[in-house]
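Each chain gets a letter, A, B and so on, in the order the sequences are listed, and its residues count up from 1. Remember, predicted model here, so these are calculated numbers, not experimental data.
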There are 2 protein chains.
Amino acid sequence: MKLSTKGRYAVTAMMDLAIHDREGPVTLSDISSCQGISLSYLEQLFAKLRQTGLVEGVRGPGGGYRLGKPSHQISVADIIMAVDENIDNTRCKGSKDCNKGEKCLTHHLWNDLSERLYDFLDGITLSEFIKNPEVRKISHRQDTTASRIANMFPPRSKAS
Amino acid sequence: MKLSTKGRYAVTAMMDLAIHDREGPVTLSDISSCQGISLSYLEQLFAKLRQTGLVEGVRGPGGGYRLGKPSHQISVADIIMAVDENIDNTRCKGSKDCNKGEKCLTHHLWNDLSERLYDFLDGITLSEFIKNPEVRKISHRQDTTASRIANMFPPRSKAS
DNA sequence: GTAATCTTGACTTATTTAGTGGGGATTATA
DNA sequence: TATAATCCCCACTAAATAAGTCAAGATTAC
(Lines give C-alpha, C1' and ligand atoms only; values in the text may rest on other atoms or scores of the structure.)
Protein backbone atom coordinates (compact mmCIF):
# COMPACT_ATOMS: atom_id res chain seq x y z
CA MET A 1 0.00 0.00 0.00
CA LYS A 2 1.48 3.24 -1.14
CA LEU A 3 0.06 6.69 -1.30
CA SER A 4 1.52 9.39 -3.49
CA THR A 5 0.44 12.17 -5.79
CA LYS A 6 0.07 9.57 -8.50
CA GLY A 7 -2.62 7.82 -6.52
CA ARG A 8 -4.20 11.15 -5.71
CA TYR A 9 -4.39 12.08 -9.38
CA ALA A 10 -6.05 8.78 -10.14
CA VAL A 11 -8.54 9.09 -7.32
CA THR A 12 -9.56 12.65 -8.11
CA ALA A 13 -9.86 11.81 -11.79
CA MET A 14 -12.08 8.88 -10.92
CA MET A 15 -14.14 11.15 -8.70
CA ASP A 16 -14.59 13.33 -11.73
CA LEU A 17 -15.85 10.39 -13.75
CA ALA A 18 -18.20 9.41 -10.98
CA ILE A 19 -19.58 12.93 -10.68
CA HIS A 20 -20.37 13.17 -14.38
CA ASP A 21 -21.26 9.57 -14.85
CA ARG A 22 -24.75 9.99 -16.21
CA GLU A 23 -23.75 12.71 -18.68
CA GLY A 24 -21.92 10.25 -20.87
CA PRO A 25 -18.19 9.69 -21.21
CA VAL A 26 -15.76 12.28 -19.89
CA THR A 27 -12.76 13.13 -22.03
CA LEU A 28 -9.27 13.19 -20.64
CA SER A 29 -8.91 16.69 -22.09
CA ASP A 30 -11.67 17.80 -19.77
CA ILE A 31 -10.03 16.31 -16.75
CA SER A 32 -6.68 17.65 -17.84
CA SER A 33 -7.81 21.25 -18.19
CA CYS A 34 -10.14 21.03 -15.25
CA GLN A 35 -7.78 19.52 -12.72
CA GLY A 36 -4.49 20.73 -14.13
CA ILE A 37 -3.00 17.30 -14.79
CA SER A 38 -1.12 16.79 -18.04
CA LEU A 39 -3.07 14.94 -20.70
CA SER A 40 -0.38 12.40 -21.49
CA TYR A 41 0.15 11.59 -17.86
CA LEU A 42 -3.54 11.02 -17.50
CA GLU A 43 -3.39 8.69 -20.48
CA GLN A 44 -0.80 6.61 -18.67
CA LEU A 45 -2.87 6.45 -15.54
CA PHE A 46 -6.04 5.59 -17.42
CA ALA A 47 -4.27 2.84 -19.32
CA LYS A 48 -3.80 1.11 -15.98
CA LEU A 49 -7.27 1.92 -14.79
CA ARG A 50 -8.63 0.42 -17.98
CA GLN A 51 -6.55 -2.73 -17.68
CA THR A 52 -8.04 -3.39 -14.29
CA GLY A 53 -11.55 -2.72 -15.54
CA LEU A 54 -12.14 0.32 -13.38
CA VAL A 55 -12.92 2.44 -16.43
CA GLU A 56 -13.85 1.77 -20.01
CA GLY A 57 -12.86 3.87 -22.96
CA VAL A 58 -15.29 5.02 -25.64
CA ARG A 59 -13.59 5.86 -28.88
CA GLY A 60 -14.42 8.35 -31.54
CA PRO A 61 -15.96 11.79 -31.32
CA GLY A 62 -18.18 12.16 -28.30
CA GLY A 63 -16.15 9.45 -26.65
CA GLY A 64 -14.11 9.52 -23.48
CA TYR A 65 -14.01 7.40 -20.39
CA ARG A 66 -16.71 6.19 -18.11
CA LEU A 67 -16.70 4.06 -15.00
CA GLY A 68 -16.22 0.37 -15.65
CA LYS A 69 -18.54 -0.64 -12.82
CA PRO A 70 -21.12 1.06 -10.65
CA SER A 71 -19.54 3.62 -8.36
CA HIS A 72 -20.41 1.72 -5.22
CA GLN A 73 -18.25 -1.15 -6.46
CA ILE A 74 -15.15 0.97 -6.91
CA SER A 75 -13.16 1.56 -3.76
CA VAL A 76 -10.36 4.03 -3.21
CA ALA A 77 -8.08 1.07 -2.54
CA ASP A 78 -8.95 -0.36 -5.96
CA ILE A 79 -7.90 2.83 -7.67
CA ILE A 80 -4.66 3.23 -5.79
CA MET A 81 -3.66 -0.38 -6.29
CA ALA A 82 -4.37 -0.06 -10.00
CA VAL A 83 -2.00 2.84 -10.61
CA ASP A 84 0.60 2.43 -7.88
CA GLU A 85 1.70 -1.03 -8.92
CA ASN A 86 1.96 -2.61 -5.53
CA ILE A 87 5.47 -2.50 -4.21
CA ASP A 88 6.40 -5.92 -2.86
CA ASN A 89 6.81 -4.20 0.38
CA THR A 90 9.14 -6.43 2.31
CA ARG A 91 11.00 -8.75 -0.04
CA CYS A 92 10.44 -11.62 2.40
CA LYS A 93 7.00 -12.49 1.16
CA GLY A 94 5.21 -14.15 4.01
CA SER A 95 6.87 -17.14 5.55
CA LYS A 96 10.57 -16.70 4.83
CA ASP A 97 12.46 -15.26 7.74
CA CYS A 98 14.54 -12.82 5.88
CA ASN A 99 17.49 -12.14 8.11
CA LYS A 100 17.43 -12.58 11.80
CA GLY A 101 14.06 -13.16 13.33
CA GLU A 102 13.75 -9.54 14.19
CA LYS A 103 13.76 -8.03 10.76
CA CYS A 104 10.93 -10.27 9.81
CA LEU A 105 9.08 -9.31 12.94
CA THR A 106 8.88 -5.64 12.10
CA HIS A 107 7.98 -6.61 8.54
CA HIS A 108 5.20 -8.68 9.95
CA LEU A 109 3.98 -5.83 12.08
CA TRP A 110 4.12 -3.53 9.09
CA ASN A 111 2.13 -5.97 7.02
CA ASP A 112 -0.51 -6.02 9.71
CA LEU A 113 -0.73 -2.29 9.54
CA SER A 114 -0.68 -2.20 5.77
CA GLU A 115 -3.50 -4.68 5.64
CA ARG A 116 -5.59 -2.66 8.04
CA LEU A 117 -4.98 0.39 5.94
CA TYR A 118 -6.02 -1.44 2.83
CA ASP A 119 -9.23 -2.62 4.43
CA PHE A 120 -9.95 0.90 5.51
CA LEU A 121 -9.53 2.35 2.04
CA ASP A 122 -11.33 -0.57 0.51
CA GLY A 123 -14.35 0.36 2.57
CA ILE A 124 -14.59 3.79 0.96
CA THR A 125 -16.23 3.77 -2.47
CA LEU A 126 -16.73 6.45 -5.08
CA SER A 127 -20.45 6.40 -4.48
CA GLU A 128 -19.89 8.06 -1.11
CA PHE A 129 -18.45 11.10 -2.76
CA ILE A 130 -21.21 11.79 -5.23
CA LYS A 131 -23.64 11.91 -2.35
CA ASN A 132 -21.89 15.05 -1.18
CA PRO A 133 -24.33 18.01 -1.49
CA GLU A 134 -21.76 20.24 -3.15
CA VAL A 135 -21.19 17.60 -5.75
CA ARG A 136 -24.87 17.49 -6.61
CA LYS A 137 -24.92 21.23 -7.24
CA ILE A 138 -21.97 21.12 -9.62
CA SER A 139 -23.12 17.96 -11.24
CA HIS A 140 -26.40 19.63 -12.16
CA ARG A 141 -25.25 23.01 -13.25
CA GLN A 142 -22.32 21.84 -15.34
CA ASP A 143 -23.69 20.23 -18.47
CA THR A 144 -21.72 18.54 -21.16
CA THR A 145 -21.92 21.47 -23.56
CA ALA A 146 -19.97 23.67 -21.22
CA SER A 147 -17.10 21.28 -21.05
CA ARG A 148 -17.08 20.87 -24.80
CA ILE A 149 -16.68 24.61 -25.22
CA ALA A 150 -13.87 24.67 -22.70
CA ASN A 151 -12.29 21.97 -24.71
CA MET A 152 -11.99 24.14 -27.82
CA PHE A 153 -9.13 25.96 -26.21
CA PRO A 154 -5.93 24.01 -26.54
CA PRO A 155 -5.41 22.12 -23.29
CA ARG A 156 -1.87 20.92 -23.91
CA SER A 157 -0.05 24.17 -23.31
CA LYS A 158 0.72 25.06 -19.73
CA ALA A 159 -1.90 27.37 -18.24
CA SER A 160 -0.11 30.17 -16.41
CA MET B 1 -1.00 12.47 4.00
CA LYS B 2 1.55 10.56 2.07
CA LEU B 3 2.71 7.02 2.38
CA SER B 4 6.02 5.83 0.98
CA THR B 5 8.95 3.62 1.86
CA LYS B 6 10.37 6.55 3.76
CA GLY B 7 7.41 6.50 6.09
CA ARG B 8 7.60 2.74 6.31
CA TYR B 9 11.24 2.86 7.35
CA ALA B 10 10.39 5.35 10.04
CA VAL B 11 7.47 3.34 11.32
CA THR B 12 9.33 0.03 11.46
CA ALA B 13 12.30 1.70 13.12
CA MET B 14 9.97 3.17 15.71
CA MET B 15 8.43 -0.24 16.21
CA ASP B 16 11.92 -1.47 16.95
CA LEU B 17 12.40 1.19 19.57
CA ALA B 18 9.06 0.38 21.12
CA ILE B 19 9.86 -3.32 21.25
CA HIS B 20 13.14 -2.78 23.05
CA ASP B 21 12.04 0.19 25.04
CA ARG B 22 12.77 -1.15 28.50
CA GLU B 23 16.22 -2.44 27.58
CA GLY B 24 17.62 1.04 27.34
CA PRO B 25 18.46 3.04 24.22
CA VAL B 26 18.70 1.33 20.85
CA THR B 27 21.53 2.34 18.55
CA LEU B 28 20.93 3.20 14.95
CA SER B 29 23.62 0.68 14.04
CA ASP B 30 21.43 -2.02 15.52
CA ILE B 31 18.43 -0.94 13.55
CA SER B 32 20.54 -0.54 10.45
CA SER B 33 22.00 -4.04 10.52
CA CYS B 34 18.81 -5.55 11.79
CA GLN B 35 16.40 -4.05 9.32
CA GLY B 36 18.74 -3.47 6.42
CA ILE B 37 18.31 0.28 6.26
CA SER B 38 21.42 2.36 5.68
CA LEU B 39 22.79 3.99 8.81
CA SER B 40 23.08 7.46 7.38
CA TYR B 41 19.60 7.38 6.00
CA LEU B 42 18.34 6.38 9.41
CA GLU B 43 20.23 9.30 10.86
CA GLN B 44 18.32 11.65 8.58
CA LEU B 45 15.02 10.14 9.54
CA PHE B 46 15.81 10.19 13.24
CA ALA B 47 16.87 13.81 13.05
CA LYS B 48 13.29 14.60 12.08
CA LEU B 49 11.83 12.23 14.61
CA ARG B 50 13.91 13.91 17.28
CA GLN B 51 12.86 17.41 16.22
CA THR B 52 9.24 16.47 16.70
CA GLY B 53 9.94 14.88 20.06
CA LEU B 54 8.99 11.36 19.03
CA VAL B 55 12.40 10.06 20.07
CA GLU B 56 15.21 11.32 22.24
CA GLY B 57 18.87 10.71 21.63
CA VAL B 58 21.26 9.51 24.34
CA ARG B 59 24.84 10.33 23.55
CA GLY B 60 28.00 8.56 24.44
CA PRO B 61 28.79 4.89 24.84
CA GLY B 62 25.75 2.86 25.71
CA GLY B 63 23.66 5.58 24.12
CA GLY B 64 21.22 5.39 21.28
CA TYR B 65 17.64 6.43 20.83
CA ARG B 66 14.60 5.81 22.93
CA LEU B 67 11.00 6.82 22.57
CA GLY B 68 10.29 10.41 23.41
CA LYS B 69 6.91 9.61 24.93
CA PRO B 70 5.07 6.52 26.09
CA SER B 71 4.27 4.23 23.19
CA HIS B 72 0.53 4.68 23.56
CA GLN B 73 0.98 8.38 22.85
CA ILE B 74 2.78 7.82 19.55
CA SER B 75 0.54 7.18 16.59
CA VAL B 76 1.50 5.91 13.18
CA ALA B 77 0.24 9.19 11.75
CA ASP B 78 2.62 11.09 14.02
CA ILE B 79 5.58 9.18 12.68
CA ILE B 80 4.63 9.52 9.05
CA MET B 81 3.94 13.21 9.34
CA ALA B 82 7.28 13.72 11.06
CA VAL B 83 9.38 12.26 8.25
CA ASP B 84 7.24 12.82 5.17
CA GLU B 85 7.05 16.56 5.52
CA ASN B 86 3.43 17.04 4.68
CA ILE B 87 2.91 17.88 1.06
CA ASP B 88 0.59 20.87 0.80
CA ASN B 89 -1.61 18.59 -1.09
CA THR B 90 -3.76 20.89 -3.13
CA ARG B 91 -2.14 24.29 -3.41
CA CYS B 92 -5.58 25.87 -2.88
CA LYS B 93 -5.45 25.66 0.87
CA GLY B 94 -9.01 25.62 2.08
CA SER B 95 -11.23 28.42 0.94
CA LYS B 96 -9.69 29.65 -2.31
CA ASP B 97 -11.42 28.30 -5.36
CA CYS B 98 -8.39 27.49 -7.38
CA ASN B 99 -9.58 27.31 -10.95
CA LYS B 100 -13.12 26.65 -11.93
CA GLY B 101 -15.37 25.43 -9.21
CA GLU B 102 -14.81 21.90 -10.23
CA LYS B 103 -11.13 21.60 -9.60
CA CYS B 104 -11.66 22.76 -6.10
CA LEU B 105 -14.47 20.31 -5.67
CA THR B 106 -12.35 17.25 -6.26
CA HIS B 107 -9.67 18.80 -4.08
CA HIS B 108 -12.25 19.17 -1.40
CA LEU B 109 -13.33 15.59 -1.76
CA TRP B 110 -9.73 14.48 -1.62
CA ASN B 111 -9.16 16.49 1.53
CA ASP B 112 -12.10 14.78 3.11
CA LEU B 113 -10.58 11.45 2.29
CA SER B 114 -7.12 12.47 3.39
CA GLU B 115 -8.46 13.64 6.70
CA ARG B 116 -10.27 10.40 7.28
CA LEU B 117 -7.11 8.53 6.52
CA TYR B 118 -5.18 10.66 8.94
CA ASP B 119 -7.69 10.04 11.69
CA PHE B 120 -7.48 6.35 11.01
CA LEU B 121 -3.71 6.22 11.28
CA ASP B 122 -3.77 8.55 14.23
CA GLY B 123 -5.86 6.00 16.05
CA ILE B 124 -3.17 3.36 15.78
CA THR B 125 -0.40 3.71 18.33
CA LEU B 126 2.87 1.90 18.81
CA SER B 127 1.62 0.34 22.00
CA GLU B 128 -0.71 -1.86 19.98
CA PHE B 129 2.20 -3.54 18.29
CA ILE B 130 4.17 -4.49 21.36
CA LYS B 131 1.14 -6.33 22.62
CA ASN B 132 1.60 -8.76 19.77
CA PRO B 133 2.54 -12.19 21.19
CA GLU B 134 5.38 -12.70 18.74
CA VAL B 135 6.83 -9.42 19.82
CA ARG B 136 6.88 -10.48 23.44
CA LYS B 137 8.85 -13.58 22.61
CA ILE B 138 11.54 -11.71 20.73
CA SER B 139 11.59 -8.91 23.18
CA HIS B 140 12.41 -11.35 25.96
CA ARG B 141 14.93 -13.58 24.29
CA GLN B 142 16.92 -10.83 22.66
CA ASP B 143 18.89 -9.09 25.35
CA THR B 144 21.08 -6.10 24.94
CA THR B 145 24.28 -8.11 24.93
CA ALA B 146 23.28 -9.91 21.78
CA SER B 147 22.77 -6.73 19.89
CA ARG B 148 26.07 -5.35 21.14
CA ILE B 149 27.87 -8.37 19.77
CA ALA B 150 26.14 -8.01 16.44
CA ASN B 151 27.28 -4.44 16.50
CA MET B 152 30.96 -5.38 16.52
CA PHE B 153 30.72 -6.32 12.90
CA PRO B 154 30.95 -3.25 10.72
CA PRO B 155 27.42 -2.26 9.77
CA ARG B 156 28.32 0.31 7.14
CA SER B 157 29.39 -2.03 4.37
CA LYS B 158 26.67 -3.53 2.26
CA ALA B 159 25.76 -7.04 3.40
CA SER B 160 25.60 -9.28 0.35
C1' DG C 1 41.64 10.74 27.07
C1' DT C 2 39.66 7.44 24.28
C1' DA C 3 36.07 5.17 22.13
C1' DA C 4 31.12 4.84 21.39
C1' DT C 5 27.64 7.17 20.17
C1' DC C 6 24.69 11.05 18.54
C1' DT C 7 24.48 15.26 15.40
C1' DT C 8 24.96 17.82 11.33
C1' DG C 9 25.70 19.06 6.61
C1' DA C 10 27.13 18.63 1.96
C1' DC C 11 27.29 15.61 -1.58
C1' DT C 12 26.05 11.58 -5.00
C1' DT C 13 23.21 8.11 -7.04
C1' DA C 14 18.94 5.54 -7.98
C1' DT C 15 14.15 5.49 -8.45
C1' DT C 16 9.87 7.43 -9.23
C1' DT C 17 6.89 10.96 -10.86
C1' DA C 18 5.59 13.88 -14.27
C1' DG C 19 5.53 15.45 -18.73
C1' DT C 20 6.55 15.38 -24.16
C1' DG C 21 6.02 13.84 -28.75
C1' DG C 22 4.60 11.13 -32.23
C1' DG C 23 2.21 7.63 -34.51
C1' DG C 24 -1.51 4.86 -34.81
C1' DA C 25 -6.84 2.84 -34.34
C1' DT C 26 -11.64 3.65 -34.02
C1' DT C 27 -15.83 5.91 -34.90
C1' DA C 28 -19.52 9.79 -35.22
C1' DT C 29 -20.82 12.95 -38.27
C1' DA C 30 -20.89 15.85 -42.33
C1' DT D 1 -15.77 8.67 -48.01
C1' DA D 2 -13.28 12.35 -45.57
C1' DT D 3 -12.50 14.55 -41.45
C1' DA D 4 -11.97 15.35 -36.81
C1' DA D 5 -12.43 13.76 -32.10
C1' DT D 6 -11.18 10.73 -29.32
C1' DC D 7 -8.81 6.64 -27.29
C1' DC D 8 -4.51 3.92 -27.41
C1' DC D 9 0.37 2.83 -27.26
C1' DC D 10 5.23 3.54 -27.07
C1' DA D 11 9.70 5.56 -26.39
C1' DC D 12 11.84 9.30 -24.63
C1' DT D 13 13.17 13.40 -21.37
C1' DA D 14 13.04 16.26 -17.20
C1' DA D 15 12.15 17.10 -12.51
C1' DA D 16 11.50 15.63 -7.94
C1' DT D 17 12.19 12.60 -4.29
C1' DA D 18 14.19 8.76 -1.97
C1' DA D 19 18.14 6.54 -0.61
C1' DG D 20 22.72 6.29 0.36
C1' DT D 21 27.73 8.14 1.12
C1' DC D 22 31.22 10.76 3.23
C1' DA D 23 33.20 13.55 6.54
C1' DA D 24 33.59 16.32 10.48
C1' DG D 25 32.18 17.52 14.97
C1' DA D 26 29.83 17.14 19.95
C1' DT D 27 28.89 14.63 24.02
C1' DT D 28 29.64 11.38 27.45
C1' DA D 29 30.69 6.56 29.76
C1' DC D 30 34.44 4.30 31.02
Side-chain angles (χ1 to χ4, degrees), chain A residues 2-10 13 17 24-33 35-51 55-66 68 80 83-88 144 147-152 154-159, chain B residues 2-10 13 17 24-32 35-51 55-66 68 80 83-88 144 147-149 151-152 154-159:
Chain A
K2 198 171 141 193
L3 193 49
S4 59
T5 46
K6 194 176 188 178
R8 195 182 78 222
Y9 279 177
L17 254 58
V26 177
T27 70
L28 292 190
S29 305
D30 277 356
I31 299 176
S32 169
S33 62
Q35 294 199 27
I37 309 172
S38 101
L39 180 59
S40 301
Y41 195 47
L42 277 173
E43 280 174 349
Q44 291 172 36
L45 298 183
F46 272 76
K48 294 182 182 170
L49 293 173
R50 201 175 56 87
Q51 280 159 25
V55 301
E56 56 184 23
V58 181
R59 291 180 157 198
Y65 283 96
R66 70 163 72 101
I80 292 174
V83 298
D84 262 344
E85 71 264 359
N86 198 13
I87 38 177
D88 62 336
T144 318
S147 58
R148 295 285 179 228
I149 291 171
N151 198 22
M152 289 175 184
R156 306 190 77 125
S157 59
K158 213 171 292 176
Chain B
K2 198 172 142 191
L3 194 49
S4 59
T5 45
K6 194 176 187 177
R8 196 182 78 222
Y9 280 177
L17 254 57
V26 177
T27 70
L28 292 191
S29 306
D30 278 356
I31 299 177
S32 169
Q35 295 198 27
I37 309 171
S38 103
L39 179 60
S40 301
Y41 196 45
L42 278 174
E43 282 171 350
Q44 289 172 38
L45 298 184
F46 271 76
K48 292 183 184 171
L49 292 173
R50 201 176 56 86
Q51 279 159 25
V55 300
E56 56 184 20
V58 180
R59 290 181 160 198
Y65 283 95
R66 71 164 70 101
I80 292 174
V83 298
D84 262 344
E85 70 265 0
N86 198 13
I87 39 176
D88 60 336
T144 317
S147 58
R148 294 288 178 226
I149 291 171
N151 198 22
M152 289 175 184
R156 307 190 76 124
S157 60
K158 213 172 290 176

Could you tell me how far apart B:Leu39 (CG) and C:dA4 (P) are, to the nearest whole angstrom?
14 Å
Residues forming a side chain to side chain donor-acceptor pair (under 3.5 Å) with B:Lys48, sequence neighbours excluded:
B:Glu85
Round to a whole Å and report the spacing from CD of A:Gln35 to C1' of C:dA18.
16 Å
In terms of side-chain heavy atoms of A:Tyr65, which of C:dT8, D:dT6, D:dC8 is nearest?
D:dC8
d(B:Gln44 CD, B:Lys6 NZ) to nearest 0.5 Å is 8.0 Å
Find the distance between CD1 (A:Ile37) and CD1 (A:Ile31) and round it off to the nearest 0.5 Å.
7.5 Å
Give each protein N/O atom lying under 3.5 Å from an N/O atom of nucleotides 11-15 of chain C, with the pair distance.
none

CG of A:Leu3 versus C1' of D:dT17: gap in Å, rounded?
15 Å
Nearest heavy-atom neighbours spanning B:Pro25 and B:Gly62:
CG-O, 3.5 Å
Between P on D:dC9 and CG on A:Leu45, what's the gap in Å once rounded to a whole number?
14 Å
What integer distance in Å separates B:Lys48:NZ from C:dC6:C1'?
18 Å
D:dC7 base / A:Glu43 side chain donor-acceptor hit below 3.5 Å:
no
Kindly give the atom pairs (protein nitrogen or oxygen, nucleotide nitrogen or oxygen) under 3.5 Å for nucleotides 26-30 of chain D.
unit_1: D:dT27; atom_1: O4'; unit_2: B:Arg59; atom_2: NH1; d: 2.6

With sequence neighbours excluded, residues passing side chain to side chain contact (heavy atoms under 4.5 Å, CB included) with A:Glu43
A:Leu28, A:Leu39, A:Ser40
Which pair of heavy atoms, one from A:Gly7 and one from A:Val83, lies closest together, and at what distance?
CA-CG2, 4.0 Å
Over how many whole Å does the gap from A:Leu42 atom CG to D:dC8 atom C1' extend?
14 Å
B:Arg66: side chain to side chain donor-acceptor pair (under 3.5 Å) partners, not counting sequence neighbours
B:Glu56
A:Lys6 has an atom NZ; how far is it from atom C1' of D:dT17, in whole Å?
14 Å
Could you pick out which residue, A:Ser38 or B:Phe46, lies toward the 5' side of DNA chain C when each is mapped onto its nearest nucleotide?
B:Phe46
Under 4.0 angstrom between A:Ser4 side-chain N/O and C:dT17 OP1 or OP2
yes
Taking the side chain as every heavy atom from C-beta outward, state whether B:Tyr65 and B:Arg50 have any atom pair closer than 4.5 Å.
yes
From the list A:Val26, A:Leu17, A:Leu45, side-chain contact (heavy atoms from CB on, under 4.5 Å) partner of A:Val55 resolves to A:Leu17
Does any N or O in the side chain of B:Ser32 come within less than 3.5 Å of the main-chain N or O of B:Ser38, such that one atom is a donor and the other an acceptor?
no
Which nucleotide sits closest to the side chain of A:Tyr41: C:dT17, C:dT5, C:dT7?
C:dT17
Just N and O in the side chain of B:Arg50: are any of them under 4.0 Å from OP1 or OP2 of C:dC6?
no
Send over the distance from B:Tyr9 OH to D:dT17 P, rounded to a whole Å.
18 Å
Is any side-chain N or O of A:Lys2 closer than 4.0 Å to OP1 or OP2 of C:dT17?
yes
